[in-house]
Novice: 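Encoded as structure tokens, here's the structure I'll be asking about.
Whatever order the structure lists them in is the order used to number ligands and atoms, beginning at 1.
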Amino acid sequence: MMEFIPYGRQDINQADIQAIIDVLQSDFLTQGPAVPAFEAEVSRYCKSQYALAVNSATSALHIACLALGVGKGDIVWTSPITFVASANCALYCGATVDFVDIDSRTYNLSVQQLTIKLKMAKKEGKLPKVVIPVHLCGQSCDMEAIYKLSQKYDFGIIEDASHAIGGRYQDKPIGSCQYSDIAIFSFHPVKIITTAEGGMALTNNQKLAEKMTLLRSHGITRDPKLMTHESDGDWYYQQIHLGFNYRMTDLQAALGVSQMQRLDKFVSRRHQLAKHYNQLLAELPITLPWLHPDSYSGLHLYVICLQLDKVEKTHKQVFNELRECGIGVNLHYIPIHMQPYYQGLGLQKGDFPRAEKYYEEAISLPLFPALSQKEQQYVVDTLKKVLQP
Ligand SMILES: *Cc1c(COP(=O)(O)O)cnc(C)c1O
């Protein structure tokens, strides 16, 4: 039998290792030159004005919400099919969270559902302060349409692009913030590029960038322009907000710079593997990922949905049998409104039926740049055996 094949895995080469060693032998392990270099690299690639490295995408989401003024009494909407961090960030700020059901083709937040929900919310005086579209699997949401709605209903937009660095929408890089206030990336090892832990917030808005810069480091500034009075001397700094220590280290940032050199290669390899899956799995009773012609997905995940009416087994049986054969399939994600914590806040099973249906059918197959042809063939052969014994 094959060795265990995970659903995602980092790609680390000698250049990455050397980049970290170089930092270890330098003067700064943190707050040195690697962090701004990484920010400049990502900002250049994504064509955003500003990019702020932080210690995780979760932190990036938190300071993005705060920068947009999310607080007590506010409402934030996101997709129920995402990692819990996309919603938790609003709760950290004391706001309330609600969800918009998904599109049954892309599994992203549905613009149709968003439109209906906004109309109702307007009548009830419960419009969201911020909407957080999540680019599930790396494929952009319909950002132009969401942006138009934001103009009409006056809400801010944070793109949770944790899955999507290297992807494009309407031929612009995801992260350009063309249709959003802020976009955030994750650099967790399963994501497209990694810094071990790490995240980034991108924006074209100077005020938001300044606010997030303060928030990521204790709310402290050394910039005389931001101080309430003239500096006491060279040692002086002022705390002007309540911030956090959400900084990225130079070790991580150096790895990030090194990984950025291979970003396009990573994404095109993911596309090559996905295309191969599409061909090899075409005859099976499963729904393959649908890719929108306007967008080039980062392809963080390759999610299939079982056509359960044509399969003799349950979703769980299929999942377990694949795991028993050493294939690290996964499920992205459990609908957030079905998490006990969120049910404690008043959300209920049945609230978002498309998300729940997706949860009953979805399986993420292994997809990462170093997945070999032999491993991919093994995944395909095993899936065929499991579905058509
Ligand atoms: C991974 C992920 C996050 C959180 O990223 P961290 O860097 O681990 O904090 C947030 N949202 C989505 C959609 C993710 O996949």
Novice: With atoms numbered from 1 as shown, which atoms in ligand 1 lie under 4.0 angstrom from a non-hydrogen atom of S186?
Specialist: 1 (C), 5 (O), 6 (P), 7 (O)
Novice: Suppose we measure from atom 15 (O) of ligand 1 to each protein heavy atom; which comes out shortest, and what is that distance?
Specialist: H163 NE2, 2.7 Å
Novice: Give a yes/no on ligand 1: does G198 have at least one heavy atom closer than 4.0 angstrom to it?
Specialist: yes
Novice: Tell me whether R44 is salt-bridged to E41, with the criterion being a basic N under 4.0 Å from an acidic carboxylate O.
Specialist: yes
Novice: For this output row, return yes or no: ring centroids of Y246 and H62 closer than 6.0 angstrom.
Specialist: yes
Novice: Considering non-hydrogen atoms of the protein only, which is the closest contact for atom 11 (N) of ligand 1, and what is the distance?
Specialist: D160 OD2, 2.7 Å
Novice: Distance under 4.0 Å to a non-hydrogen atom of A57: what atoms of ligand 1 satisfy this?
Specialist: 4 (C), 5 (O), 6 (P), 7 (O), 9 (O)
Novice: Looking at ligand 1, does S86 have a heavy atom less than 4.0 Å from it?
Specialist: yes
Novice: Specify the protein heavy atom at minimum distance from atom 3 (C) of ligand 1: its residue, its atom name, and the distance to 0.1 Å.
Specialist: S162 OG, 3.6 Å
Novice: Please identify which atoms of ligand 1 are closer than 4.0 Å to at least one heavy atom of Y333.
Specialist: 15 (O)
Novice: Determine whether the aromatic ring centres of H337 and Y342 lie less than 6.0 Å apart.
Specialist: no
Novice: State whether K313 and E321 are salt-bridged, where the test is any N-O pair (Lys NZ or Arg NE/NH1/NH2 against Asp/Glu carboxylate O) under 4.0 Å.
Specialist: yes
Novice: Between D223 and K225, is there a salt bridge with N-O shorter than 4.0 Å?
Specialist: yes
Novice: Looking only at protein heavy atoms, which one is nearest to atom 4 (C) of ligand 1, and how far off is it?
Specialist: T58 OG1, 3.7 Å
Novice: Is a side-chain N or O of N320 found less than 3.5 angstrom from the main chain of Q317, in a donor-acceptor match?
Specialist: no
Novice: Please check if the side chain of S217 supplies one atom and the backbone of L214 the other of a donor-acceptor pair under 3.5 Å.
Specialist: no
Novice: Ring centroid separation for Y7 and H332, is it under 6.0 angstrom?
Specialist: yes
Novice: At what distance is the nearest protein heavy atom to atom 1 (C) of ligand 1, and which residue and atom is it?
Specialist: K191 NZ, 1.5 Å
Novice: Out of all atoms in ligand 1, which are within 4.0 Å of some heavy atom of T82? Include the element for each.
Specialist: 13 (C)
